[in-house]
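Side-chain atoms are counted along with the backbone in the values below, which use heavy atoms only and exclude waters and symmetry mates. In listed order, ligands and their atoms are each counted from 1.
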Amino acid sequence: MSDSEETRRIRVEGCERSYDCAAGDTILRAALRAGLPFPYECNSGSCGTCKFELLEGEVESLWPEAPGLKERDKRKGKRLGCQSRPLSDSVIRFRADESCIPRKTPKVVEARFTDRRPMTHDLAEFEFHTGETADFLPGQYALLELPGVTGLRAFSMSNLPNPEGVWQLQIKNFPGGAGSAALFERLKVGDRVRIDGPYGLAYFRTDTERDIVCIAGGSGIAPMISIARAHAASPGGLTLDFFYGGRGPEDICGRELLETLPGFGELIRYHPVISMPELDPEGRWRGPTGFVHEEAARRLSDLADHEYYLAGPPPMVDATLKMLVIEHKVPVAQIHYDRFY
Ligand SMILES: Cc1cc2nc3c(=O)[nH]c(=O)nc-3n(C[C@H](O)[C@H](O)[C@H](O)COP(=O)(O)OP(=O)(O)OC[C@H]3O[C@@H](n4cnc5c(N)ncnc54)[C@H](O)[C@@H]3O)c2cc1C
Ligand code: FES
């Protein structure tokens, strides 16, 4: 993100398209702003989906050690679109993915921090206000530029798009995390941050007749709450089963938000589960134990006949994908997910 007016012209070989990239923007995000089918997932240097080849020109890496680019990729001259800033006009090549063409054009807006509400011992809902419509699809995420933090951090919206310009984000406080320290220790009401978004493909689909399943772990609750709110706003008779996994009882939250939705308990059903009952030595927890995807498999019948939304730590999402696709033959087109790297 930059205020710079200077732009670089990027030509994409193979799709006969060119776009302008502001000098401070990245190869990936400028392509998405221009409506190009640039493949991506995390936007944070970790998944490797946004790899491209530089055929002509000069590009700098914002994070040379980004885990999304393996040594083998580097030897082949590959780069990460989400971590590359052009230093000159350039020619690039990537594997186009039409599903990545944004349905909402991402843009950078200035926002004012207005509130922080605790949800658990290490999770809080942050609220930001901008001067313009908060235009995103339920389930999407935005990138925050935080003072004193290198690189942007991705956070999913938990509210619904709105003309008032309110962005609610449910954020986990990671011990030792640079973004966590900025958000939980330094950010004061009235401070300004920049929000770049929306991004992400795990948005709520309205063109399906299948019952909905949300499976979340930890901070993965945020986009699922947004999806549940969107579903409640126009239910159409479909059910939504909301599985939420934490390690111990003190990690569990979400019921109080879902309970306020019309249809809770009937069309919308909440299933919390903890994976480490040893964190509950006094036996306060009366609910099920195990991994959240296992609880979903236990509770649901006809697994291949649902639309799935998944969010949370990469091992949780990967285990859920494996269970759904390999063990229960759920078509991949019915599963929408974000791994929270
Ligand atoms: C699509 C997506 C959605 C997410 N949604 C949420 C959410 O709703 N709530 C939530 O709590 N968390 C969410 N996360 C995780 C969040 O973005 C952070 O990874 C997490 O908060 C830890 O950040 P940290 O700065 O505290 O930790 P750190 O360890 O400092 O940073 C962790 C992450 O920041 C990025 N990063 C680190 N260093 C650099 C660098 N030098 N340059 C560029 N990037 C760098 C990497 O992605 C890394 O995984 C999401 C992640 C993704 C990918
Ligand atoms: S989108 Fe660039 S590494 Fe994930």
Geometric N/O contact [X] with ligand 1, under 3.5 angstrom:
{"X": "Cys42", "result": "no"}
{"X": "Asp338", "result": "no"}
{"X": "Ser156", "result": "yes"}
{"X": "Ser180", "result": "yes"}

Does a salt bridge link [X] with [Y], judged by any charged N lying under 4.0 Å from a carboxylate O?
{"X": "Arg194", "Y": "Asp196", "answer": "no"}
{"X": "Arg85", "Y": "Asp25", "answer": "no"}
{"X": "Arg8", "Y": "Glu6", "answer": "yes"}

With 2.8 Å as the threshold, which protein atoms of type N, O or S lie near atom 2 (Fe) of ligand 2? Leave waters out.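 Result, waters dropped: Cys50 SG, Cys82 SG.
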Side chain, backbone, both or neither: which part of [X] has a heavy atom under 4.0 Å from ligand 1?
{"X": "Ser46", "answer": "side chain"}
{"X": "Phe155", "answer": "both"}
{"X": "Ala222", "answer": "side chain"}

Identity of the nearest option to [atom], non-hydrogen atoms only, from [options]:
{"atom": "atom 50 (C) of ligand 1", "options": "Ser158, Ala154, Pro67", "answer": "Ala154"}
{"atom": "atom 18 (C) of ligand 1", "options": "Trp63, Phe184, Tyr341, Phe340", "answer": "Tyr341"}
{"atom": "atom 32 (C) of ligand 1", "options": "Arg153, Arg339, Met157", "answer": "Arg153"}

Mind running side-chain contact (heavy atoms from CB on, under 4.5 Å) on Asp211 and Asp241 for me, showing each step along the way? CA-CA 8 Å; Asp211 288 329; Asp241 282 284; 5.9 Å; no
Who pairs with Tyr40 by ring pair (Phe, Tyr, Trp, His ring centres under 6.0 Å), at least two apart in sequence or on another chain?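 By the ring pair (Phe, Tyr, Trp, His ring centres under 6.0 Å) rule, Tyr40 matches no residue at all.
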